[in-house]
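Here the structure is laid out as C-alpha cells; the discussion comes afterwards.
All values derive from a computational prediction rather than experimental measurement. Letters go in sequence order (proteins before strands), and every chain restarts at 1.
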Amino acid sequence: MRHASLSRKIFMVSNYVFLTLLGLTMFLPFMNVIAQSFSSGGAIDRGEVMFWPVEFTTHYYQYVFADVSIWRAFGISVYITVVGTIINLAATSLLAYPISRQEYVGRRLVMILILLTMIFSAPLIPQFILMRELSLTNTLWALMLPTAISAFNLFVLRSFFAQLPNEIIEAARIDGCGETRTLWSIVLPLSKPALATVGIFYSVTNWNKYMDALYYINDRSLYPLQVKLRELLITDDLSDTGNLAFEVTSQSVQGVQMAVILVATLPIILLYPFLQRFFISGMLIGSIKS
Amino acid sequence: MVNNQSKLGYMWKFKTLYFLSIPGLLYFLVFKYVPLFGSVIAFQDFNLFSGVFGSPWVGFKHFERMFSHYDFINILKNTLLLGMYDILFAFTAPIVLALLLNEVRLMLYKKIIQTVMYAPHFLSWVIVSGIFVGILSPESGVLNVMIGWFGVDPIYFLGDESYIRTILVGSGLWRDVGWGTIIYLAALAGINPDLYEAAEIDGAGRWKQTLNITLPALLPVVTILFLLKIGDFMDYGFERVFVFQNPLNIQNSEILDTYIYKAGLRQLQFSYATAIGVFKSVVGLTLLMIANTLSKKATGESLY
C-alpha cells in the first residue's frame with residue numbers, strides 16, 4: 001500500500017471524528033430517555049439528568065405497569081402486529097406469486113395498475129367514507145385490512161419469486177402439484193429470507209401504526225399503543241388516566257412519559273438484531289427491480 | 001379465433017394462478033381504486049346519507065372556497081417550504097454521508113456506526129416526537145441545559161413558531177439519514193474497482209477519483225430517487241407534522257395534510273377536505289411531470 005498524503009490523513013481523521021459525533025447524536029437521545037425514566041422527578045425538573053440516571057427510581061415503571069389502559073393498548077398493538085402481519089404476508093404472497101409467473105397472462109397490466117396506486121393515492125375523506133360504508137370504522141380490521149398489501153413489499157416478493165429457478169416449479173408441476181401446493185410447499189419455503197424481510201417491514205409498520213387509528217378508531221378501548229402514548233405525551237396532567245395511586249405532584253410527568261416511550265420501543269429494540277440481518281438485502285432486492 | 005381459443009385454453013390450464021390472485025386484486029380495487037374514484041365528491045355537496053350517487057353536483061365551489069380561505073396561502077406556503085427544505089437537506093445528506101461512510105476502512109467501526117444510524121428509522125413518529133419534546137423541553141431538556149452552559153437562557157423551542165420548521169426537518173434527518181444511505185452504499189459497492197486502480201495509475205488523487213468515478217456512478221440512482229422524492233413533494237407526511245404541532249407553532253406548521261384532517265374528519269366538511277386533497281395530488285403530479293421531463297433532457301434518466 002502506498003503512503004497516504006497529509007491531506008488524506010487529515011481527511012480520514014476528521015471523517016472518523018465527524019462520523020463518531022454523528023453516531024453519538026443518534027445514540028445519546030436514547031440514553032437520555034432511559035436516564036430520565038429512571039431518575040427522580042426533582043432531578044429531572046432541575047435539569048440534572050443527562051445520560052445517566054440521577055437519584056435512581058423505578059417509580060415510573062411501577063406506574064406504567066399498574067395502568068390498565070396502557071396494558072390494554074399494548075395488547076391491541078401486539079394483536080394488530082401479529083394478526084396484521086399474518087394477513088400482510090398471506091395477501092402479499094398470494095398476489096406476488098401469480099404475477100411472478102410467465103403463465104399469468106396480463107401480469108404486466110396488473111403491475112402497472114399497482115404501480116399507479118403508488119403515484120395516485122386517494123384523498124383521506126373518500127378513504128374514510130369507504131371504511132364507514134364497509135362498517136370497518138371502530139374495529140381493529142380498520143388497522144389491518146386497508147394496509148394488507150404494500151405495493152413496495154409486493155414488488156420485493158415478486159422479484160424474489162421470479163428469480164427462483166423455473167425448473168423447480170416445472171418439476172413440482174410434473175410431479176402433480178397444483179399451483180396452490182407448489183406455492184405452499186415449494187415456493188414459500190424457498191423464499192424464507194424474502195418473507196422474513198417483508199414480514200419484518202410489515203410488523204414494524206403495524207407496531208408503529210398511529211395515523212390509521214386516529215382516522216378510523218373512536219372507541220378508546222381499541223386504541224393501539226401509539227395513540228395511547230401520544231395522549232400521554234400531550235397531556236401534562238396524568239390525573240385523569242385513572243391511577244389514583246400515582247402522586248402527580250411529587251413525580252415528574254416527563255419521567256412517566258419517558259418510561260412509556262421505552263416500553264413502546266422495547267419490542268423494536270428486541271427485534272432490531274433480526275431486523276438488521278434482513279433489511280439490507282430486502283432493500284436491495286426491491287431497488288434492483290426499479 | 002383459433003388463436004383466442006388456445007389462449008383461453010392456456011389460461012384455463014393455469015386457472016388456479018388467477019384464482020390465487022383474486023384476493024390481492026380485490027384489495028387494490030376496493031381499498032385503492034374505489035376511494036380514488038370517490039374523489040369526485042370534491043365536486044359535490046357530499047352528504048353521508050345520500051351517498052356519492054345521491055349528492056348534488058356543485059362544480060368547483062369547494063375549490064373556490066379553498067382559494068378564498070384566509071389561511072390557505074399560508075398553509076400552502078408551509079407545505080411547499082417544508083418540502084423544499086426536505087429536498088435541500090434530507091435528500092442530499094444521505095448522499096454525503098454514504099460517501100463519507102464509504103471511505104471508512106475499519107470494518108468493525110463502520111458496522112457499529114451503521115447499526116446505530118439505521119436504528120432511529122424504526123421508531124414511530126409519535127416516539128420520535130416524544131424524544132424530541134424531552135430533549136427540547138425548556139426546564140429539563142438536554143439541549144437547554146447545554147446552551148445554559150454558555151449562558152444562554154432556556155428556549156421553549158416547540159412553543160415558538162420560528163423553530164418548528166427546523167425541528168421538523170431536523171427530526172426527519174435524525175430519523176432517516178442513516179437509512180437513506182443504504183441504497184447509495186449499495187450503488188457505491190457496485191462500482192468496478194478496476195476504475196479506481198486505473199485512475200490511480202494515471203495519477204488521480206482521491207478527490208479526483210470521487211469527482212470523476214464515484215459521482216457519475218451514483219448519478220442514475222440519485223436522479224431516480226430525486227424524481228421519487230419530487231413525486232412525494234406534497235406528501236410531507238401527516239403524522240410527522242401532526243405529532244409536533246401545538247397551538248403555539250401552528251402558524252408555521254400547518255400543512256395541507258393536517259388541515260385536510262381537521263377540516264374533514266373533525267369538522268366533517270367532507271367535500272371541502274376532498275377538494276384540498278385533489279388539489280394536493282394535482283400539484284404533486286404536475287411537479288413530478290415537470291421534473292421528469294427536465295431530467296430526461298438533462299441526464300437521460302427518467303421514471304417513465
Which atoms of [X] are under 4.5 Å from chain A, going by heavy atoms: the side chain, the backbone, both sets, or neither?
| X | value |
| --- | --- |
| B:L123 | both |
| B:S137 | side chain |
| B:V145 | side chain |
| B:F19 | neither |
| B:Y27 | side chain |
| B:A119 | both |
| B:L185 | neither |
| B:I113 | side chain |

### Message
If we define contacts as heavy-atom pairs under 4.5 Å, which of B:V243, B:I260, B:I276 has the most with chain A?
### Response
B:V243
### Summary
Note: vs chain A, highest number of non-hydrogen pairs under 4.5 angstrom among B:L100, B:T16, B:V116, B:I131 is B:L100
#### Entry: Whether over 12 other heavy atoms sit under 6.0 Å from A:R132 CZ
no
### Query
Around atom NZ of B:K262, are there more than 12 heavy atoms of other residues, nucleotides or ligands at under 6.0 Å?
yes
### Heavy-atom contact with chain B under 4.5 Å, split by part of A:V105
both
### Task
Let me know if A:M131 has heavy atoms under 4.5 Å from chain B in its side chain, its backbone, both or neither.
side chain
### Message
B:F132: which residues meet the ring-ring contact (aromatic ring centres under 6.0 Å, His included) condition with it, sequence neighbours left out?
### Response
B:W174
### Task
Describe, in one word, how the ring planes of A:F128 and A:Y216 are oriented to each other, choosing from parallel (under 30°), tilted (30 to 60°) and perpendicular (over 60°).
parallel
